[in-house]
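Structure first, then comments.
In the text below, chain A, chain B and the rest are named by the order of the sequence lines, each starting its count at 1. Because the structure is a prediction, the values reported are computed rather than measured.
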Amino acid sequence: MTLDLAGDVVSAARDMIGWTLLVDGVGGVVVETEAYRQDDPASHSYSGMTARNEVMFGPAGRFYVYRSYGIHWCVNIVCCPPGEGAAVLIRAFEPTHGIETMRARRGRDDLASGPGKVGQALAAGPHLNGLAAELLPAGAPRRVVATPRIGITRAVDKPWRFLDADSPFVSRRPRVSA
DNA sequence: CAGTGGATGCTCT
DNA sequence: GAGCATCCACTGT
């Protein structure tokens with residue numbers, strides 16, 4: 001299994017399933033991702049570089065962290081050639097490292113089955129924005145399925161959400177669509 | 001189960 | 001001032 005962070009962001013989102021994401025030794029195996037690219041109305045980078053999304057236009061492999069709904073911190077990894085403004089949203093992972101730490105941060109046993117939960121489990125925040133991400137190579141190959149992305153209102157038809165087809169640790173939130 | 005709505009703050013129009 | 005790449009508690013079947 002190879003993962004080319006500096007290549008096509010949709011391929012990177014798919015290939016990232018099964019890799020282990022760690023922040024200060026805490027994290028787990030990525031089981032759900034979404035790709036966002038600049039020519040994509042749903043992407044923060046769609047309208048060009050701003051103070052918030054600046055990191056998306058930098059080198060691949062760094063965290064892009066943003067505040068969601070005023071409450072949550074969502075964790076992305078910049079994936080594209082420099083200047084393109086694309087990133088992969090980490091939507092869920094299977095907890096493997098620092099489970100007790102994450103349980104304490106979350107206050108419940110559902111640790112990382114959704115982007116807001118991922119942010120809380122990893123204690124993500126502005127301090128993480130722009131830092132290099134730590135990803136450990138995947139073990140056994142996984143069955144990956146693609147679906148439309150969740151929780152967005154534009155470009156809802158793009159099948160750029162990727163999940164481990166056999167993992168119980170993915171988010172189950174139904175997609176709101178017409 | 002499914003569906004609804006509140007919390008909460010920042011970005012861009 | 002509107003609109004979010006969300007989560008959780010609560011309601012009614």
Extract from the structure each pairing of a protein N or O with an N or O of nucleotides 10-13 of chain B at less than 3.5 Å, listing the distance.
| residue | atom | partner | partner atom | Å |
| --- | --- | --- | --- | --- |
| B:dC12 | OP1 | A:Thr50 | OG1 | 2.4 |

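Salt bridge A:Arg37/A:Glu84: absent, no basic N to carboxylate O contact under 4.0 Å.
Side-chain proximity of A:Arg106 to the nucleotides B:dT8, C:dC8, C:dC7 is greatest for C:dC8. Minimum atom distance to the side chain of A:Lys117 is reached by C:dC8, of the listed B:dT8, C:dA5, C:dC8. Closest approach to the A:Arg108 side chain among C:dA5, C:dA9, C:dT6 is made by C:dA9 (side chain taken as heavy atoms from C-beta onward).
The stretch residues 121-129 of chain A has no heavy atom under 4.0 Å from DNA chain C, so no residue of it qualifies as close.
Tested against A:Arg149 for a side-chain hydrogen bond (donor to acceptor under 3.5 Å, both in side chains), the candidates A:Asp157, A:Asp40, A:Thr33 yield a single pass: A:Asp40. For the side chain to side chain contact (heavy atoms under 4.5 Å, CB included) with A:Leu135, the qualifying choice from A:Thr20, A:Leu22, A:Ile77 is A:Ile77, the only one to do so.
The side chain of A:Arg91 contributes an N or O atom lying less than 4.0 Å from OP1 or OP2 of C:dT6. OP1 or OP2 of C:dC4 lies within a sub-4.0 Å distance of a side-chain N or O belonging to A:Thr153. Close to C:dA5, at under 4.0 Å from its OP1 or OP2, lies no side-chain N or O of A:Arg37.
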Symbol by symbol from the 5' end, with Watson-Crick or G-U pairs under 3.5 Å, [ ] crossing and | another strand, DNA chain C is ||||.|||||||.
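With its ring centre under 5.5 Å from that of the base six-membered ring and a plane angle below 30°, A:Tyr36 counts as stacked on C:dA5.
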